[in-house]
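Both counts, for ligands and for their atoms, begin at 1 and track the order of listing. Excluded from the calculations below are hydrogen atoms, water molecules and symmetry mates; all remaining heavy atoms, backbone and side chain alike, are included. Remember, predicted model here, so these are calculated numbers, not experimental data.
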Amino acid sequence: MLGEGKLKIAVLASGYGSNFQAIQDSSVLREIGVQIVCCVTNVPGAFVTERAKRAGVPVEVIDHKIYTNREAYDRELLARLDQYKPDLVCLAGFMRILSPVFLRAYSRRVINIHPSLLPAFPGIRIHEQVIDYGVRFTGCTVHFVDEGVDTGPIILQAVVRVDDDDTPEKLADRVHEEEYRIYPEAIRLFAQKRLVIDGRRVKILPPQNR
Ligand code: GRF
């Protein structure tokens with residue numbers, strides 16, 4: 001039924017995993033039946049694996065250094081995920097570009113969090129670029145993943161003010177706070193089947209009453 005949210009998600013991450021933690025700790029997601037069924041990393045020893053173990057979430061380590069090309073890596077990724085059959089794949093600081101091989105298998109079922117107001121500042125080393133450019137506002141974006149880099153249809157965004165004395169670290173901390181809010185929120189909307197992709201735009205359907 002629309003409004004019910006039973007959903008299995010896989011979280012793919014390469015580093016610290018604070019977004020993994022925010023999703024795992026979200027009481028709203030727990031209440032509607034969203035469950036992280038596995039955590040995948042391409043970096044052996046990444047702190048996110050520690051977080052996953054503590055939370056009792058199975059970890060799959062797929063070291064990118066072992067694979068000769070992107071497709072081979074992504075085929076292994078597909079095989080590992082197949083054990084868990086996730087409904088949605090959430091990238092959370094996963095420092096790899098996914099190939100069409102992967103994206104076709106999970107078409108419209110891969111989302112990402114990016115630490116800027118896309119389409120401004122795609123790519124990496126975002127907070128440095130934001131400060132160097134001198135913009136007054138930045139933020140974060142949750143978007144569907146397509147075959148470009150940070151180009152897919154936008155689900156949610158949040159705005160963060162840039163202060164004159166900001167350092168990349170200070171700014172990253174404030175952007176992170178917004179990430180922890182909008183990423184679980186976007187997953188909730190997906191779980192409740194309230195996201196409709198219409199070309200570049202994502203329409204958010206109103207909540208359904210029982
Ligand atoms: C976040 O800033 C996210 O927007 C970006 O990578 C960072 C991951 O942080 N894609 P964490 O590993 O979740 O702490």
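- Near Tyr16, the atoms of ligand 1 lying under 4.0 angstrom from a non-hydrogen atom of the residue are 12 (O), 14 (O).
- Ranked by closest heavy atom to atom 14 (O) of ligand 1, the top entry among Ala172, Ala92, Ser18 is Ser18.
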Would you list the atom pairs, donor with acceptor, under 3.5 Å between side chains in residues 105-112 and any protein atom, with sequence neighbours excluded?
from   : atom 1 : to     : atom 2 : distance (Å)
Arg109 : NH1    : Pro86  : O      : 3.3
Arg109 : NH2    : Ala105 : O      : 3.4
Asn112 : ND2    : His143 : NE2    : 3.2

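- At least one heavy atom of His176 sits less than 4.0 Å from an atom of ligand 1.
- Taking atom 6 (O) of ligand 1 as the reference point, the nearest protein heavy-atom neighbour is Gly93 CA, 3.4 Å.
- Protein heavy atom closest to atom 10 (N) of ligand 1, with residue, atom name and distance, is Ile113 O, 2.9 Å.
- Using modelled atom types, one finds a donor on one side chain and an acceptor on the other under 3.5 Å when comparing Arg188 with Gln192.
- For atom 2 (O) of ligand 1, the nearest non-hydrogen atom of the protein is Glu179 OE2, 3.0 Å.
- Rounding to the nearest 0.5 Å places CD of Glu178 at 12.0 Å from CD of Gln157.
- Note that SG of Cys90 and CZ of Phe190 are 8.5 Å apart. Values are rounded to the nearest 0.5 Å.
- Residue Gly17 places a heavy atom less than 4.0 Å from ligand 1.
- Applying side chain to side chain donor-acceptor pair (under 3.5 Å) to Asn42 and the options Lys65, Arg96, Glu60, His64 leaves one that passes, His64.
- Considering backbone and side-chain N/O atoms, Asn19 comes within less than 3.5 Å of an N/O atom of ligand 1.
- Of the charged side-chain nitrogens involved, at least one lies within less than 4.0 Å of a carboxylate oxygen, so that Asp166 and Arg174 count as a salt-bridged pair.
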